[in-house]
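Hydrogens, waters and symmetry mates play no part in the numbers below; they use all other heavy atoms, side chains included. We number each residue from 1, following the sequence as shown.
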Amino acid sequence: MASMSNPVAGWRQRGEVLVAAFVCVAVLMLLIPLPAVLLDLGMALNIGISLLVILIVLYARNTTEFSSFPTLLLLATVFGLALNVSSTRLILSQGAAFDGRIVRAFGNFVVGSSGAAGAVIGLIIFVIIIAVQVVVITKGSTRVAEVAARFTLDALPGRQMAIDAEYSSGRLSEAQARLRQQELQRQADFYGAMDGASKFVAGNVRVALFITAVNLAGGFIIGISLHGEDLASAAQNYVALTIGDGLVTQLPALLISTATGIIVTRAASDQPFGRDAALQLGRYDRPFYITAAFLAVLALLPGFPPFLLLPLAAAVAGLGRAVGRREHGAAAVPGTAATGAEPAPQPPAAATGSLPPSLSLELGYGLLAATEAEAGAELLRGVGGVRDRAARDWGLQVPALHITDNLQLPPAAYRFKIRGAEAGGGRCRPGGDCTDTLVGQFSAVVLRHAADLLGRDQVRAMIDELRETCPTVVEEATAALSVGEIRAVLRGLLRERVSIRDMVTILETLADEAGRQRDVDFLVRRVRRSLGRQISAQHSDEQGVLHVVTLAPELERELLARENGAAQRPGAETEFQRHWIEALATAIGRHAVPGRRLAVVTSEEARAVVKRSTERRMPDLVCLATSEVAAAGAVRCLAEVPGLAASGAAGAAEGR
């Protein structure tokens, strides 16, 4: 009753029974000799299943519609091998008395000849089928499956973040986001399974060669030594039957191999392959006319059959004319000329433009080996480790790294880009060390350009994540500031390598201070003060001691005065800056010890001025405010940069 009331459930239950029976039959075929009629039935079933599989692959709209294909591929391979074992048992035991009709049909009718000539022709056809499977289909599909699995798994975190961002922005409901996540996971699982399942096809081909060789050798031994046949009779019986058996088992294997190649090479689409091919091949009429002209010229050359080529040229020209009419008719309807589909609402410009990936790595052709096999897996693990550390230590979700080749680069060169702009690069020697170099440079790029990698959608996702645990803080902060303003503050922190993982403290400070002033620099200073303990601990040594260099009060006053517009004599500013920055660099160099961090401590008002002034000469200099150092466990002042010498030197320069 349940199956009658619910046809889908009934079909699933019958499918489970059929699969179980299929497996049991395959096992029994390996153990029990089959009558010839059952062997014929199994071989016909094998051919029918393989044809059905390739047709389903052609009609599937995307790979996830046939996600059971890897498992089905394994079962079909096992069933084909079981048939091979059964047919081998009957052929070797019965010899000339073997009455398997399908095997004999393939050995005679399909080959097209009988006797010694038929055996040779059948052997040649068998070798050709095996060669096509090994060299063309199996090797290509295996490589495509490996690359698809690697890049699908690499892009998985970024695509998951994109779904989270759409959900956070309200463009997707919770149910839609969950379905998109499940679809994404199914794709990753499918390509991962296909990476291994493609090896079944390659193994099946090698086993087929082995079984054929064993059958030929065993047939001669049994026919001559046991049945008393002469060499010619044994060859006529066993060679013909072995070739027929090989052909009847390799035809389904060829179809399954082709289906494997098709399904792993399918691009993203919402249409069956046949419809996609028809739409894309019939997009322009000019290629049809050129092809028709070529066939017509070929028909006029001596020796070529014009009675075949001229009608074919006319047919191709007719197709081109039909394509041209459809193309011109569709051009009147915006949006249908390129795809042949019905007009649909246009997506936003950002979705249709060719925007560069957020973060990419371009490799010269000499470094492409770093993305293959074990080196590629090591590179992906290293990149994943950098992204995990950035999330753990800095609170930054680094976008997925898109790795591409660039033939315009020197062979051993690489280049990192952020939103299409170069962010770093260099050269490395191909080999094992190249992976370490690329991972190290990727870490440096992420650290140096962390502020550039923080987007609005990421900030929105971070805020929404806190909404469940700290709703009041999120409500007050977002009421006072927009997502863009909060992002500007977070970027100001990341620009000076201040971790933003403590989002609760950051949002609490912004909620408190935004009512007084919305200036980004002011808000960054207030947030840094609230994060003082974290910032001091970040630059302290293992014993919790913060080693600092300070500026004399008169030097700070001079810096602030010049920042506010005082002492604007031409040339004096550059000379003054050069002298006091050199004095600072000397003080730092005098007390620099390997493994020990040094920070410059100034008043809160002067800190930003000092950082901006030293950015070009000392980009990695850590500048802290006294309000941030107050929370440190222990502070050790190593030196003070005097103001009188710097001011005097500047004054002397001005007097000259």
Side-chain angles (χ1 to χ4, degrees), residues 165 168-169 390-398 447 449-540 544 546 548 556 560 563 599-612 615 621-633 635:
S168 301
S169 62
R392 181 181 65 250
D393 298 339
W394 300 95
L396 176 67
Q397 297 294 329
V398 178
L447 184 62
H449 299 278
D452 300 325
L453 296 174
L454 184 67
R456 276 181 166 82
D457 288 335
Q458 291 171 274
V459 175
R460 168 67 70 181
M462 295 163 66
I463 294 173
D464 290 341
E465 186 177 352
L466 287 177
R467 196 180 299 275
E468 296 181 1
T469 56
C470 306
T472 304
V473 174
V474 171
E475 182 180 353
E476 292 183 0
T478 54
L481 297 170
S482 66
V483 173
E485 290 171 320
I486 296 175
R487 172 177 176 256
V489 173
L490 297 178
R491 293 184 66 184
L493 297 172
L494 289 173
R495 198 168 286 115
E496 295 195 37
R497 302 183 184 178
V498 176
S499 174
I500 60 172
R501 65 178 183 270
D502 188 2
M503 281 294 293
V504 175
T505 300
I506 294 173
L507 293 181
E508 284 181 341
T509 305
L510 293 179
D512 293 338
E513 301 292 343
R516 292 190 233 170
Q517 191 174 345
R518 299 167 68 97
D519 178 68
V520 173
D521 292 336
F522 170 80
L523 294 175
V524 170
R525 288 200 303 270
R526 295 300 187 182
V527 171
R528 287 181 64 100
R529 179 189 295 179
S530 300
L531 297 175
R533 188 180 302 278
Q534 168 193 307
I535 296 174
S536 298
Q538 179 181 340
H539 301 289
S540 300
L546 180 64
V548 303
E556 286 193 14
L560 290 173
E563 179 74 12
V600 176
V601 176
T602 68
S603 64
E604 195 172 66
E605 293 77 12
R607 195 205 66 81
V609 178
V610 172
K611 181 60 180 176
R612 283 196 300 268
E615 189 70 36
L621 180 65
V622 177
C623 295
L624 305 180
T626 53
S627 58
E628 300 162 7
V629 176
V635 180

| query | What are the two closest heavy atoms between V504 and V473, and how far apart are they? | reply | O-CG1, 4.1 Å
| request: Run the numbers on R528 and L624 for side-chain contact (heavy atoms from CB on, under 4.5 Å), then give the verdict. | output: CA-CA 9 Å; R528 287 181 64 100; L624 305 180; 3.8 Å; yes
| said: Assess whether a salt bridge exists between E604 and R607, defined as any Lys/Arg side-chain N lying under 4.0 Å from an Asp/Glu carboxylate O. | reply: no
| query | Do the non-hydrogen side-chain atoms of I486 and L507 ever get within less than 4.5 Å of each other? | reply | yes
| message | To check you understand the geometry: which heavy-atom pair defines the closest contact between L560 and E605, and what is its length? | response | CD2-O, 3.6 Å
| field | Heavy-atom check, side chain of M462 versus side chain of L454, under 4.5 Å | value | yes
| At their closest point, which heavy atom of V629 faces which heavy atom of S536, and how far apart are they? | CA-OG, 3.7 Å
| Hey, does K611 have a side-chain heavy atom less than 4.5 Å from the side chain of R495? | no
| E513 side chain reached by Q517 side chain, heavy atoms, under 4.5 Å | no
| E465, CD: over 12 other non-hydrogen atoms inside 6.0 angstrom | no
| Heavy-atom pair of closest approach, residues Q538 and V498 | OE1-CA, 4.3 Å
| field | Spacing of T478 atom OG1 and E485 atom CD [to the nearest 0.5 Å] | value | 11.5 Å
| request: Can you measure from CD1 (I535) to CD (E628) and round to the nearest 0.5 angstrom? | output: 4.5 Å
| query | Any idea which heavy atoms bring L546 and S540 closest together, and the distance? | reply | CB-OG, 3.8 Å
| How about E615: does its CD atom have over 12 heavy atoms from other parts shown lying under 6.0 Å from it? | yes
| query | When rounded to the nearest 0.5 angstrom, what distance separates CD1 in I500 from CG in L490? | reply | 5.0 Å
| said: Looking at R460 and D457, is any side-chain nitrogen of the basic one under 4.0 Å from a carboxylate oxygen of the acidic one? | reply: no
| Are the side chain of Q534 and the backbone N or O of L531 linked by a donor-acceptor pair below 3.5 Å? | no
| Who passes salt bridge (Lys or Arg N to Asp or Glu O under 4.0 Å) against R392, sequence neighbours left out? | none
| note | Between A514 and A480, the two heavy atoms sitting closest are CB-CB, 3.8 Å
| request: Scan for side-chain hydrogen bond (donor to acceptor under 3.5 Å, both in side chains) pairs involving residues 501-512, sequence neighbours excluded, and state none if there are none. | output: S499-R501, D502-T505, T509-S530
| query | Is there side-chain contact between R491 and D452, with heavy atoms separated by less than 4.5 Å? | reply | yes
| Nearest-0.5 Å distance that lies between atom CG in L523 and atom CD1 in I506 | 12.0 Å
